[in-house]
> 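One structure coming up, written as structure tokens, with questions to follow.
Scope of the values below: all heavy atoms of this structure, side chains included, with no hydrogens, waters or symmetry mates. Residue numbers begin at 1 in each chain, while the letters A, B, ... track the order of the sequences.
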Amino acid sequence: MKLNFIPIDYSYFDFEGRNYAKIIGRDENGKRVCIIDSCPVYLWAVLKDELSRSKINSLIKEIEKISLDTKGRKTEVEKVELREKNFLGKKVKALKVFATNYKDLHDIADKLGMPEIEKRRGYDLGFITHYIIEKKLKPLSWYEIDGELLNNSQEFGGMDSVLEVDFCVKVEKIRETETKKFKPKVLAYDIETDAFKIGEGEILMISLVSDNFKKVLTYKSPKEIETDLEYVEYVKDEAELLEKFVEYVKKISPDFLVGYFSDGFDLPYLKARAEKFNVKLSLGLDGSQPKFSNGLNIIAKINGIVHIDILKFIRSVYSQYMQSETLSLNEVAKEFLGDSKKEFKHKHSSKIAQDEWEKYYEYNLHDSILTYGLFEKFWPDLSEFTKIIQEPIFNVSRNGMSANVEDYIIHHLEKFNEIPEKRPMYNEISERKSREKYEGAFVFQPTPGLYENLAIFDFTSMHASIIVNYNLSKSTLLEKNEKNCYESPELELNGKKTKFYFSKKSGFFPELLKEIVELRKKYKRELKANEQKTGNFLTNLTGNQIKELKTDAVNPILNKGEQKTGNFLTNLAGNQIKARSNAFKLLANAYYGYLGFFGARYYCVEAAASTLAFVRKYNKETIENVAKEGCKVIFGDTDSVGFLLNKKSKEETLKFLKKLNEKLPGIMELELEDFYKRGIWVSKRTGEAGAKKKYALIDEQGRLKIRGFETVRRDWCALARELQNNIIKQILKDGNEKKALESLKEIIKKLKQREINIDKLIIRTQLKKPISEYKNISPHVIAAKKMMEQEIPISQGNLVEYYIAETKDKKKLVRDKVKLPNEKGEYNMEYYLAHQILPAVENIFQVFNVNIKEIVDGKKQMTLGEF
DNA sequence: GGAGGTGACGTACC
DNA sequence: ACCGGTACGTCACCTCC
């Protein structure tokens, strides 16, 4: 039979000693299809130079005799072929050694210790990776499949009759075909429990949300009177709840089962409770139960249905570009959907009042609605990433950016005829980790002050363009200076001043990055054209988002609020181009990190250190050039320079930018970040010097850009943050400190009259490790201990909230005054004044030679006098 | 038993 | 174990007198 097919979930199985890929997807009618296919598995034996043909022939004969009988399985070398390949850019002769079962490639590699063999490679790729490379059946692309329909066939042990799919096909031929419409079936879920520790409390209810489907399953009902909420369905008890959950998943039969933190919570919890009640959680299309990886970072897999923990994708790909201070569902939903969790105060089910249960159902349902919304929102990004990386979406959605970069490289080696490098061994990793650090980027020393009329230039994808431009990588690194090669600036590595040299002959690693950068440019152009055509893009943005657009047209944050405007569905093509452009950009930006990542196959400190040496050189040179032009430099960090216009008009400044660009090599490019009306830089708390990485700017439209200040630090209380923000805003608007001073006085007065709400005084700090591992017992550790005592769930990675209270006895340490938000007490006025308010604003007023301490002390005396 | 230096810790910038 | 160097700032801890 023939069918059109889009692959979604990949797994493999062994049958009669061989590996088969079992791929679940859909046909163009939305029917669920399983295809089964095999592919040859092999590893590479790279030969030493200058081996004679006869020597190679006898080696091949020797290798062909290898067979293994371990792990209850017979594997043999089935075939050996001699090939001309490249390894790390070098031409090599290599033997392609085919084996029966991919799981034995490692053991076969161990048997290839012959002196003629230089290296063994390619035995550490997963079978699915191997399969996708061999058969070019890339996830989420469309294919025309020729194959044999399996209908209660005995082939593969009668597998097709067990699988809950519409067709099961044994593949004969695969041909790529044009893209067709694909709207995935998505089911979001969320559970509510009586305890946070996995399996330790009852599961009270489970919500399910899909297209035109809402459900809350529960056996907890108020006063045995059933609710009016039409989406609530009652079951007998917890065991039936679990059974019903499985039943609904099977009935809806989604491509994606989506949760938020569901790898670490919902699915493990369901499993634990199912075990307790002896319920089979047979969610898999083959009837299997979810499988969990062990370790700190749990991964939960369901056969045939892609389980997505959308938190993981958001965290690894987008968190650095987000403004949310935590990755809680509430904050993330607010940022991307403009919606938040329903109010509900958690308590043990035995303490929930009769009339509170309906609120609890709504709360539970809404979490699934938000999760569903986030999946919808990130679907273009998720699917574009998957298509680009070419690994299954299950992996791409969980991988860190380094792993995604590596997978991209692995899937694109073929056109360079490259043999893949191996993963580093444990000892290599520790060696890499323990090596001395190399020098990072350059940060300009600012002078405190208020400045007017500034411009900021920055380099676009600076690290990437340097890697491309100077051909930096493991395979292009030369052992010594050669004629006509790239030479890094002088740098220090392992305490030695040195330089590194890189070949001018293009290497596959920088070449791939060059392609990524070019594709990113291409799709960015398409995106712009599409926006102009549809014209409905800018209208949906807030002022701040338009501003972001100016600096970076595909910042993912731009996608905020689209759900509300209905843009998501009507402008799907535009969203896809945006997501694609964005994915290439993120990939390009992660490339440098990959070079210096200890777990990378293509790790290369020399290249990473050289990249940074070039980064420093270009930044410093740009700063010098700006100064030479007569513009006073105010700021500079890594890839940017900020300066005073010095009577230059904007046009002249842009002309100057053009001049600077003409001198830059290759794809390196300096661009205008923006013009600013005013900017403020303050001194450090200790000493006179200007603080680096701390500044605030205002543009002509009155929009603020604040970096590094307490305003943007989550471990300061809201009162200090909001006050500082207001003061910065007023100063930058007015150009003087007069009004700002008044708002400060007002806040101090309120603080002293105890009019400040405790909410504004809560300090939030993350518990970064288990309580017992802290050497210094700081306030947040005390707060965490108090939470433990009160049995409030708290563990590594959680935010701890507390405030500093007045104490009866004069205690010296801050930690002795810590109280949890639920503890009664009065806020410690002295503390908030001296340790939150003043430090946040002191240096700002210092710029105007206003000494806040004197004013505050004066006030204090005055208030004391009043009493 | 207070001053002052240092280290641990958390967070931000790019 | 899943990017890492530069930088700021707080608080506890330690040493010194």
> Check this for me, if you would: do E331(A) and R714(A) make a salt bridge, where the nitrogen-to-carboxylate-oxygen distance has to be below 4.0 angstrom?
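A salt bridge is absent here (no side-chain N lies under 4.0 Å from a carboxylate O).
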
> In whole Å, what is the span from the CZ atom of R616(A) to the P atom of dG5(C)?
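Interatomic distance, CZ of R616(A) to P of dG5(C): 12 Å.
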
> Check whether any side-chain nitrogen or oxygen of H835(A) sits under 4.0 Å from OP1 or OP2 of dC11(C), and answer yes or no.
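Yes, because at least one side-chain N or O of H835(A) sits under 4.0 Å from OP1 or OP2 of dC11(C).
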
> What do you reckon, are the aromatic ring centroids of H307(A) and F292(A) less than 6.0 Å apart?
no

> Less than 4.0 angstrom from a charged side-chain N to a carboxylate O is my criterion; do E490(A) and R616(A) meet it?
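Salt bridge between E490(A) and R616(A), a charged N being under 4.0 Å from a carboxylate O: no.
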
> Just checking I777(A): base, sugar-phosphate only, or nothing, at a heavy-atom cut-off of under 4.0 Å?
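Here I777(A) touches the backbone only, sparing every base.
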
> Would you indicate what Y831(A) reaches in the nucleic acid, counting non-hydrogen atoms under 4.0 angstrom: base, sugar-phosphate, or nothing?
sugar-phosphate

> Over all strands shown, is L813(A) touching base, sugar-phosphate only, or nothing at heavy-atom distances under 4.0 angstrom?
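If one applies the 4.0 Å heavy-atom cut-off, L813(A) turns out to touch the sugar-phosphate alone, with no base involved.
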
> Would you check if the distance from the ring center of F394(A) to the ring center of Y10(A) is below 6.0 Å?
no

> For dC13(C) and R815(A) - does any side-chain N or O of the residue sit under 4.0 Å from the phosphate oxygens OP1/OP2?
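Yes.
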
> Measure from the side chain of W716(A), starting at C-beta and using heavy atoms only, and say which of dC8(C), dA12(C), dG9(C) lies closest.
dG9(C)

> So F442(A), base contact, sugar-phosphate only, or nothing? Heavy-atom distance under 4.0 Å.
nothing

> Quick check: Y695(A) with Y451(A) (ring centres under 6.0 Å apart)?
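Ring-ring flag for Y451(A)/Y695(A): false, centres at least 6.0 Å apart.
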
> Starting at the 5' end of nucleotides 7-14 of chain B, put B wherever the base has a protein heavy atom under 4.0 Å, S where only the sugar-phosphate does, and a dash everywhere else.
BSSBBSBS

> Rounding to an integer number of Å, can you tell me how far Y426(A) OH sits from dA1(C) P?
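About 7 Å, once rounded to whole Å.
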
> Whole-Å distance between dC2(C) P and Y602(A) OH?
22 Å

> Starting at atom CE of M425(A), determine the distance to atom P of dA1(C), rounded to an integer number of angstrom.
16 Å

> Hey, does the side chain of R685(A) come within less than 4.0 Å of dT10(C)'s phosphate (OP1/OP2), counting only N and O?
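R685(A) to dT10(C) OP1/OP2: side-chain N or O found under 4.0 Å.
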
> So what does Y592(A) hit on the nucleic acid, given a heavy-atom distance under 4.0 Å: a base, only sugar-phosphate, or nothing?
nothing

> Does any donor atom in the side chain of N625(A) or T622(A) lie under 3.5 Å from an acceptor atom in the other side chain?
no

> Report the distance from atom OH of Y321(A) to atom P of dC3(C), rounded to the nearest whole Å.
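One finds 12 Å between P of dC3(C) and OH of Y321(A), rounded.
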
> Could you tell me the separation between the CD atom of Q724(A) and the P atom of dG9(C), rounded to a whole number of Å?
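In whole Å, dG9(C) P lies 11 Å from Q724(A) CD.
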
> Whole-Å distance between dG5(C) P and K433(A) NZ?
13 Å

> Rounded to the nearest angstrom, tell me the gap between atom CG in L491(A) and atom C1' in dG5(C).
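In whole Å, dG5(C) C1' and L491(A) CG are 14 Å from each other.
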
> Are any of the side-chain nitrogens in K422(A) or E428(A) under 4.0 Å away from the carboxylate oxygens of its partner?
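Counted as a salt bridge, because a side-chain N and a carboxylate O are separated by less than 4.0 Å.
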
